[in-house]
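Working notes, beginning with the structure itself.
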Amino acid sequence: MEATGYSKADMEGKTLYEAVPPEFARMVEPNMRAALAGKYFTAELPWAGDSYYLYSYVPIKNQDGKIVMAMILAQNITERKRVELALRESEKRFRNLMQQSPIGIQVFAPDGLLIEVNRAWETMWGIGRCRW
């Protein structure tokens, strides 16, 4: 119950709005309603400042197959989100450096196929903008 600060015992037998902070309840209520309608899905949502959680919404059925409740499974993905952002920033810097380089650059795949060239390479070989 890291996302809310409540223990399992604090949450059992309570409604969504009784079990978690109101701002969290408002954020997940539409997804809970969808789970209660029989949909299983996941959603990434920010929580508590710069934290991110991956929430899985699971409809729970009784022995007759009737949906009787919905469950939220939460996984803290804050570090993953930070790594994804750092990777996007690194990729952006790489692309800018590559395209701005006065030296002709070719990028090849491990199998030897040409993936990309920069503007200097195109100028050097007299080839216009191409999609590789």
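Note that the numbering runs from 1 along the sequence shown for the chain.
- Aromatic ring centroids of F24 and Y55 lie under 6.0 Å apart.
- At least one donor-acceptor pair under 3.5 Å links the side chain of N118 to the backbone N or O of I105.
- Note that CE of M32 is 10.0 Å distant from OG1 of T15, once rounded to the nearest 0.5 Å.
- Once rounded to the nearest 0.5 Å, the distance linking CE of M124 with CD of Q106 reads 7.0 Å.
- Between L45 and N31, some side-chain heavy-atom pair lies under the 4.5 Å cut-off.
- Separating the CE atom in M71 from the OH atom in Y40 is a distance of 8.5 Å, to the nearest 0.5 Å.
- Here CE of M69 is found 14.0 Å from NZ of K61. Values are rounded to the nearest 0.5 Å.
- Separation of atoms CD1 (I72) and OG1 (T42) is listed at 12.5 Å; rounding is to 0.5 Å.
- Rounded to the nearest 0.5 angstrom, E79 CD and S51 OG are separated by 11.0 Å.
- Side-chain heavy atoms closer than 4.5 Å link hydrophobic residues (I, L, V, M, F, W, Y) into clusters, and following such links, even through other members, never connects L36 to Y57.
- In the hydrophobic cluster analysis, where Ile, Leu, Val, Met, Phe, Trp and Tyr join through side-chain heavy atoms closer than 4.5 angstrom, W121 is grouped together with F108.
- Annotation: side chain of R80 is not in contact with side chain of Q75 (no heavy-atom distance under 4.5 Å).
- Under a hydrophobic-cluster definition in which Ile, Leu, Val, Met, Phe, Trp and Tyr are linked whenever side-chain heavy atoms come within less than 4.5 Å, directly or via other members, L114 and W125 are assigned to the same cluster.
- Taking both residues in full, the closest heavy atoms of G104 and A120 are given as N-CB, 3.8 Å, listed atom of the first, atom of the second, then distance.
- Other residues, nucleotides and ligands contribute over 12 non-hydrogen atoms within 6.0 Å of the NZ atom of K14.
- Heavy atoms only, all atoms of each residue included: V117 and M98 are closest at C-CE, 3.6 Å.
- A 4.5 Å side-chain heavy-atom check between T78 and R82 finds at least one atom pair inside the cut-off.
- Of the possible polar contacts, one joining the Q99 side chain to the R119 backbone as a donor-acceptor pair under 3.5 Å is found.
- Note on Y53 and F41: same hydrophobic cluster, where clusters join Ile, Leu, Val, Met, Phe, Trp and Tyr whose side-chain heavy atoms are under 4.5 Å apart, directly or indirectly.
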**Request:** Assess whether side-chain contact (heavy atoms from CB on, under 4.5 Å) is satisfied between K92 and R88, documenting all intermediate values.
**Result:** CA-CA 6 Å; K92 184 178 176 181; R88 280 193 301 274; over 6 Å; no

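- In this structure, P59 and A35 approach most closely via the heavy-atom pair CB-O, 3.1 Å.
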